[in-house]
Each structure stands twice: as structure tokens, then as C-alpha cells.
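Working notes, structure below.
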Amino acid sequence: MDRPRRLRRSPALRNLVRETKPSPHDFVLPLFVSEKIDQRRPIASMPGVFQLSMQGIVDEAQRARDVGLQAILLFGIPEKKDEQAGGAYAENGVVQKALRAIKKKCPEIVAISDVCLCEYMSHGHCGVTRIDGDHFHVLNDETVDLLVKTALSHAQAGADLVAPSDMMDGRIGAIREALDANGFDQTGILSYAAKFASVFYGPFRDAAESPPQFGDRRSYQMDCANAEEALREVALDIEEGADIVMVKPALPYIDILWRVRERFGKPTAAYHVSGEYAMIKAAAEKGIVDERAAVLEIMTSLKRAGADIIITYWARELAEWTRN
Ligand code: PBG
């Protein structure tokens, strides 16, 4: 009887037959730019992650390119917040200014802009809210109008991809239509298509200064119990014109990631989110896991499960760790 060979005898042999080989091109680095600072400011719950000044973000984009990354994802922290998220779609808003500055210095980097209102709303929700007694509603269509303005202003400022992360219904179609009508038919849409209401976004809300001041996001983000619904959400976004679809968070939703990639065959992204980052950092600081080995195992698993693109706060380090 022929015995199966395992081909594991040496590192070179293992490399030769390895199915999943992460490379610097797989990773996207999220960056936070704040109008309120002129020195970088550390995020307490995310060691190694900073809010950056306008100059800082340009330097960081260049650094990302220099280590071999090809894409960044931008989040903005405005000077002022209000109830209409005015800063989100201002021509001279924080993200719009950052996009212009980055594209001037570093035109080859793929600039992805997060399109959401929560950082710009005084109440921290991702949309326009109405309060009825002790209930609040997020008004879907009023919110979509503002998201369209936001996405268009990002495209005008030079975004290569706009990435709506709000989870309102119908926003992908509305944004696609507005981009096309204004001559931005080459600007793509990376849709946060299956975005689950998650405890793992906690540290991000410190970084982006966007925690909801009342209630939570469960009326517009997905229930972690639902897989079929996630697939329907993704199908809708693709129908409406999404070029890339995202599953978020990453590791707890790896089954969704696999099914989305298998079923639709679209470029598929996974967002390894702030809480997932913070957990490994905390364990590594205590000496419980080896950071590099843990991160490489997670990223390889996400790729194996179908991620074409991985958004991660370790992108810079990963560019180095996966170069060879
Ligand atoms: C904005 C947005 C959030 C994240 C990305 N875009 C926060 C949220 O929905 O509460 C989370 C990213 C992370 O945790 O790393 N809506």
C-alpha cells in the first residue's frame, strides 16, 4: 500500500507545499487623523496605535508605502460634532483634507475612506436619530442622504475606494448612483456588508472618539446569531454595486467569511477589529502568547478562510513578517 507522504520534513519543503501564503499586499492599515492635535496621541486600549495630526497622517502613509503596503483606510476625528454630522461631508473636513494631502505626497497608495457619521455626530450614532420618549430611532433614508454627500466629498478629495460602515439599507445603490452621476465611475465601493453588532469594537470607539452617548447599535448592525441574514445583506450590496464586500469582525465570523467568498466569488475583505487586536496585545504583554506567532496564525487562517484583503492594525508589522 502506498503510504501518504506528509512533506513536512524541512522548512523549505513545508514552504513549497503551503497552500496559504500571506504577503504584504494582503493587508490594509487603518489610520486615525484628528483635527484637534498636532502631536500623535496614543490610544490607551490599543498599544501601538495612535491618533495622528494632519502632518502625521501624511508621514504614516508614506511609511506604509515604504514598508510595502499598498492601501490605507482613513478615519477622521473632527474638531466639532453636531446633530447633522456636518464635518463628515464638509469640503474641508478632516478626512477630505487628509486625502488631498496624502494623494499629493503619495499618489500610488490606495486610499480607502471610511464613510460613516458616528465620529461626526454629537450623540455618536451612525445616523440621524429621532428620540420618542425613551426610544430612539435611526432614520434610514435621512441618513443615506448624508452618507451619499460624505462619499461624494471623499471621492472629490481623491479616495480610490469609499467604504460605507454604517449599515443603513440602500446606501450602496445610492452612493453608486451619485458617484456615477458626478463623474466618479472609477471610484470603487468597499462595502461593510456583513457588519455585526460587536463587543469587539470597544477600543475603536476610544480611538475614533465615537461611543454612542445613549443606546447601542443593535438596531442597525447585525445580530451575531444570524448567518443567512448576513448572506442576504451581502447579496443586496453586490446587487447595488459593491466592488468589494467585507465581513466584520473577523475571527468570530470566520464561517461567514468562508461562505461569502464561496458563494459570491467577489473580492472579500475581513476586518480584524480593535478588540481582537487588544486581546492579543494584552495576552502578549503578559507573556501568555507570542505576538508575532499568534498574529501570523490568525492572518493565515483568515486568508485560508477566503479573505482576499485583511484590514488590521498589525499591517505594518505584517508587511515585514510576510515579506519573504
Ligand atoms: C464606524 C466604524 C466602527 C468600526 C469601523 N467603522 C465602529 C462601530 O461600528 O462602532 C470598528 C473598527 C474596529 O473596532 O477596529 N461605524
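One-based numbering, in listed order, for ligands and for the atoms of each. Starting from 1, each residue takes its place in the sequence as its number.
- For the pair Lys248 and Phe200, the cation does not sit on the ring face, since its NZ or CZ is not both under 6.0 Å from the ring centre and inside 45° of the axis.
- Look at Arg176 and Asp180 and you find a salt bridge, because one of the NZ, NE, NH1 or NH2 atoms lies within 4.0 Å of a carboxylate O, short of that distance.
- Under the 3.5 Å distance criterion, with hydrogens and angles disregarded, no donor-acceptor pair is assigned to the side chains of Asp38 and Ser53.
- By the 4.0 Å N-to-carboxylate-O rule, Lys36 lies close enough to Glu209 to be salt-bridged with it.
- In terms of polar-atom proximity, Glu119 is not counted as a contact of ligand 1, lacking any N or O under 3.5 Å from an N or O of the ligand.
- Looking at Cys126 against ligand 1, only its side chain comes within 4.0 Å, counting heavy atoms.
- Atom 13 (C) of ligand 1 has its nearest heavy-atom neighbour, among Phe200, Phe196, Phe204, Tyr220, in Phe204.
- The residue Tyr277 has no part lying near ligand 1, judged by heavy-atom distances below 4.0 Å.
- Within the structure, ligand 1 lacks His272 among the residues with a heavy atom less than 4.0 angstrom away.
- For atom 11 (C) of ligand 1, the closest heavy atom belonging to the protein is Lys248 NZ, 3.0 Å.
- Atom numbering of ligand 1 starts at 1 in the shown order; those under 4.0 Å from a heavy atom of Ser165 are 1 (C), 2 (C), 6 (N), 16 (N).
- Looking at Cys116 against ligand 1, only its side chain comes within 4.0 Å, counting heavy atoms.
- The side chain of Cys118, and not its backbone, has at least one atom closer than 4.0 Å to an atom of ligand 1 (non-hydrogen atoms only; side chain from C-beta on).
- Protein heavy atom at the shortest distance from atom 9 (O) of ligand 1 is Lys195 NZ, 2.7 Å.
- Each of the following atoms of ligand 1 lies closer than 4.0 Å to a heavy atom of Arg205: 8 (C), 10 (O).
- With a 4.0 Å heavy-atom cut-off, ligand 1 is reached by the side chain of Asp114 but not by its N, CA, C or O.
- At least one heavy atom of Gln221 sits less than 4.0 Å from an atom of ligand 1.
- A salt bridge does not link Asp308 with Lys303: every distance from a Lys NZ or Arg NE/NH1/NH2 to an Asp or Glu carboxylate oxygen is 4.0 Å or more.
- When hydrogens are left out, the protein atom nearest atom 15 (O) of ligand 1 is Tyr313 OH, 2.6 Å; that is the closest non-hydrogen contact.
- Other residues, nucleotides and ligands contribute more than 12 heavy atoms inside 6.0 Å of the CD atom of Gln213.
- At the top of the distance list for atom 14 (O) of ligand 1, counting protein heavy atoms only, stands Ser274 OG, 2.7 Å.
- Taking every heavy atom of Tyr271 and a limit of under 4.0 angstrom, the matching atoms of ligand 1 come to 12 (C), 15 (O).
- Look at Lys195 and Asp166 and you find no salt bridge, because none of the NZ, NE, NH1 or NH2 atoms lies under 4.0 Å from a carboxylate O.
- Ring orientation note: the planes of Tyr277 and Trp314 are tilted relative to one another, at an angle of 30° to 60°.
- Atoms of ligand 1 lying under 4.0 Å from at least one heavy atom of Tyr201, given by number and element, are 8 (C), 9 (O), 10 (O), 11 (C), 14 (O).
- Here Lys81 does not pair with Glu119 in a salt bridge; the nearest charged N to carboxylate O distance is not below 4.0 Å.
- Counting only heavy atoms from C-beta outward, the side chains of Gln39 and Phe50 never approach each other to under 4.5 Å.
- Ring geometry for Tyr271 versus Tyr192: interplanar angle of 30 to 60°, hence tilted.
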